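For reference, the structure I am asking about is given below.
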Number of protein chains: 2
Amino acid sequence: MNKDTGRRATIVDVAKKAGLSKSTVARVLAGSSNISQDAAERVQAAVLATGYERNHLAVGMRSGRSGLLGLVIPDITNPFWAEVARGAQDQAARQGVSLLVFSSDWDADKEAAHLRALCQARVDGAIINPVADNLADLDRFGMPFVLIGSSAERFPDTSSVGSDIVQGVRLGLDVLLAQGHVQPALILGPKSRLARARFLRAVHEHCIERDVDPSILMTEDSDYTVEGGRSAMKRLLQAHQNGQHLAVFCANDLMALGGILAIRDAGLSCPQDVSILGFDGIPSGAFSWPGLTTIEKDGRRIGSTAVTALYAEIAGRAEHERIYVPCRLLERGSLADLSEMATARLVAKG
Amino acid sequence: MNKDTGRRATIVDVAKKAGLSKSTVARVLAGSSNISQDAAERVQAAVLATGYERNHLAVGMRSGRSGLLGLVIPDITNPFWAEVARGAQDQAARQGVSLLVFSSDWDADKEAAHLRALCQARVDGAIINPVADNLADLDRFGMPFVLIGSSAERFPDTSSVGSDIVQGVRLGLDVLLAQGHVQPALILGPKSRLARARFLRAVHEHCIERDVDPSILMTEDSDYTVEGGRSAMKRLLQAHQNGQHLAVFCANDLMALGGILAIRDAGLSCPQDVSILGFDGIPSGAFSWPGLTTIEKDGRRIGSTAVTALYAEIAGRAEHERIYVPCRLLERGSLADLSEMATARLVAKG
DNA sequence: GTGAAAGCGCTAACAC
DNA sequence: GTGTTAGCGCTTTCAC
């Protein structure tokens with residue numbers, strides 16, 4: 001805000017103050033080469049003197065680059081999506097652009113409205129967790145985009161970024177096997193969900209690779225909720241001679257949290273009697289008792305990777321491939337190490 | 001995207017198609033009066049035919065309204081701030097504008113950088129949880145703003161929106177008193193934090209109003225963390241003849257969650273032996289055992305209210321007052337109703 | 001009720 | 001190296 005005129009300083013004010021032309025100032029601001037030391041310094045000084053701040057609306061209008069990116073996720077209030085947003089935000093800041101954030105609530109109409117807003121804001125590109133069945137709207141707007149999350153897998157031949165579920169499942173199974181749980185039980189999502197099949201297939205394939213017969217694993221279907229996990233675990237405990245040394249791999253953290261409650265309900269203790277492994281890495285897993293050991297999706301990295309991929313897309317040098325971001329093991333105490341316990345017993349005897 | 005030309009349709013394309021002038025089209029789009037039925041219809045049709053989408057960059061440039069709002073919060077990953085962001089987002093969508101979201105990590109430098117980005121994007125206004133000690137940057141940019149969160153209280157004479165802590169404390173104390181906990185203990189934050197004094201003062205004032213001598217309340221200092229709350233609760237239990245029928249009001253939910261752990265550590269049970277009341281309403285409180293009863297801050301409403309207040313500010317009809325958003329009681333089972341238990345006992349006897 | 005024309009602040013050719 | 005010039009797509013007088 002210019003003290004003298006009461007309005008914001010423009011590039012013309014800076015040019016006048018510096019005794020140079022608009023274009024020279026613009027060149028300095030854009031960090032172009034072919035600029036004399038003297039000119040650069042005078043512009044610097046004039047910018048400070050006038051309090052000039054670049055008008056991105058004007059820049060965007062002229063150059064066709066708004067310096068804006070769009071992010072459409074189901075719900076910013078969901079901790080996983082908040083992590084994604086944060087990762088995208090940070091990467092955008094590093095690239096010197098800003099992020100418009102929208103929540104779709106898994107509602108195709110809201111999604112369409114948000115895409116329209118992005119188009120009107122002339123974002124340089126968008127990162128979207130798609131809820132609609134087709135990408136007609138996206139094509140219509142003709143803006144570069146990258147899909148994120150598991151729902152993006154429905155669209156091959158598009159750039160997309162998501163968790164590496166297969167690697168996460170392998171990681172989880174290997175941890176269980178290494179700690180002596182040679183026959184882990186599974187609590188799965190409902191049959192109606194695609195994610196269930198994906199999870200189960202990954203388990204089967206890795207079991208075979210590790211010489212475990214997947215058909216002998218006990219499984220319970222549930223519904224991805226705490227209460228669902230609780231009753232699924234109750235059924236497992238009844239079926240498994242009171243559950244001693246049982247280990248259960250749950251397809252998400254909410255069900256795992258319910259599993260911990262069910263173990264306590266049955267008068268058993270986790271992890272002494274029953275071990276639990278979750279999948280997701282929700283923050284609440286840190287506050288259960290015991291803390292929930294889980295396979296954590298790396299939301300932040302998904303977000304930052306998506307921004308990077310989006311820039312490849314904008315530049316037109318995109319590969320249109322799905323990028324899989326690895327999951328991590330988050331150890332918080334709900335797993336008993338049977339091999340260690342066995343060793344301890346031997347040591348005690350000896 | 002125009003099929004014929006390969007570039008986006010502009011108002012000129014629409015005008016051409018409709019056989020009208022730029023200005024008439026602009027008027028229809030702006031919903032102005034003094035438009036013939038015929039013109040309106042022809043424009044409608046031409047918009048559909050060309051796939052025209054309004055260019056907000058150009059609109060903003062000409063009209064001085066970018067249709068963008070800025071939100072600067074400490075961390076979108078923190079569930080409270082995610083709620084605030086969601087509330088702001090929804091209200092912004094209702095007003096037909098979009099939201100740029102930034103996380104400052106309580107870092108004054110990052111905050112300054114984000115404010116600058118907002119200024120350059122020419123946002124119509126900003127909602128900020130201030131971390132810097134002064135608002136010099138904000139004044140410098142001369143953009144309308146509304147402060148949010150407790151740190152905004154440092155700046156009177158500015159429009160701001162935050163939780164009504166006093167009302168929340170009253171609500172909490174009244175619940176405890178109504179359930180027969182006439183002498184609740186307190187677990188507070190560290191002496192260095194302003195929030196501690198605010199909480200304690202609210203407790204004192206309300207106690208006096210309810211004829212409770214605040215000086216007889218046991219208090220423990222802690223640090224707003226789970227482990228801090230756990231050891232503070234341990235000290236309380238030792239001081240209070242093993243803790244039967246103790247009730248503890250914790251200044252935040254993390255310490256309350258720690259308190260629940262300490263009760264179990266001591267071989268006691270919550271809420272049968274010790275009742276716990278938290279403050280904040282973090283989602284993890286739903287997964288402890290028992291669930292944490294708490295005073296919940298209404299982040300979503302703070303966000304939406306802030307957008308509304310910001311529009312008052314932009315319109316220049318702002319009152320420059322702090323708006324207090326009430327807290328709510330969230331009952332999840334960590335409070336025993338002594339009066340009910342007493343009644344039950346009497347009934348059992350009789 | 002509609003059109004013509006000016007201009008918001010900037011960039012990108014194009015001269016010199 | 002620097003200046004001149006012509007717009008980007010829109011709103012907004014000012015005519016008619």
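Hydrogens, waters and symmetry mates play no part in the numbers below; they use all other heavy atoms, side chains included. Lettering follows sequence order; numbering is per chain, from 1. Predicted model only: the values in this text are computed from it and were never measured.
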Practice item. Using the salt bridge (charged side-chain N to carboxylate O under 4.0 Å, His left out) rule, pick out the option among B/Arg301, B/Arg300, B/Lys297 that qualifies with B/Glu83. Key: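 One option only clears the test, and that one is B/Arg300.
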Review point. Which residues pass the side chain to side chain contact (heavy atoms under 4.5 Å, CB included) test with A/Ser63, sequence neighbours left out?
Key: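 So A/Ser63 forms a side chain to side chain contact (heavy atoms under 4.5 Å, CB included) with A/Val59, A/Arg65.
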Practice item. Write out all pairs satisfying ring pair (Phe, Tyr, Trp, His ring centres under 6.0 Å) with one or both partners inside residues 54-107 of chain B, taking only residues at least two apart or from two chains. Key: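 Checked against ring pair (Phe, Tyr, Trp, His ring centres under 6.0 Å) - neighbours excluded - the pairs reaching residues 54-107 of chain B are B/Phe102-B/His114.
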Practice item. Tell me what B/Leu57 touches on the nucleic acid: a base, only sugar-phosphate, or nothing, going by heavy atoms under 4.0 Å. Key: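 Since no nucleic acid heavy atom lies under 4.0 Å of B/Leu57, the category is nothing.
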Point to revise | Base-contact (B) and sugar-phosphate-only (S) positions in nucleotides 9-16 of chain D, heavy-atom cut-off under 4.0 Å, - elsewhere | key: BBBB----
Check your understanding: So, B/Arg322 versus B/Ser160: side-chain donor-acceptor pair below 3.5 Å or not?
Key ->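 There is such a pair between these side chains.
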**Study point:** Donor-acceptor contact below 3.5 Å, side chain A/Gln89 vs main chain B/Ser103
**Key:**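 Here the side-chain-to-backbone pair exists.
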Review point. In chain order, what residues pass the side-chain hydrogen bond (donor to acceptor under 3.5 Å, both in side chains) check against B/Ser21, with sequence neighbours excluded?
Key: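 Scan of B/Ser21 (side-chain hydrogen bond (donor to acceptor under 3.5 Å, both in side chains), adjacent residues dropped) gives B/Ser23, B/Thr24.
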Point to revise | side-chain hydrogen bond (donor to acceptor under 3.5 Å, both in side chains) partners of B/Lys22, counting only residues at least two apart | key: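 Partners of B/Lys22 by the side-chain hydrogen bond (donor to acceptor under 3.5 Å, both in side chains) criterion come out as none, since no residue qualifies.
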Review point. Taking atom P of D/dG3 as reference, at what distance in whole Å does atom NZ of A/Lys16 sit?
Key: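 In whole Å, D/dG3 P and A/Lys16 NZ are 15 Å from each other.
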Practice item. Report yes if at least one side-chain N or O of A/Thr24 is closer than 4.0 Å to OP1 or OP2 of D/dT2; otherwise report no. Key: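 For D/dT2, neither OP1 nor OP2 has a side-chain N or O of A/Thr24 closer than 4.0 Å.
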Check your understanding: Can you pull the contact range of chain B along DNA chain C, 5' to 3', using atoms under 4.0 angstrom from its heavy atoms?
Key ->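 From 5' to 3', the first and last contacting nucleotides are C/dG1 to C/dG9.
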Exercise for review: Give a yes/no verdict on a cation-pi contact between B/Arg54 and B/Tyr52, requiring under 6.0 Å between NZ or CZ and the six-membered ring centre and an angle within 45° of the axis.
Suggested key: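 Cation-pi check for B/Arg54 and B/Tyr52: fails.
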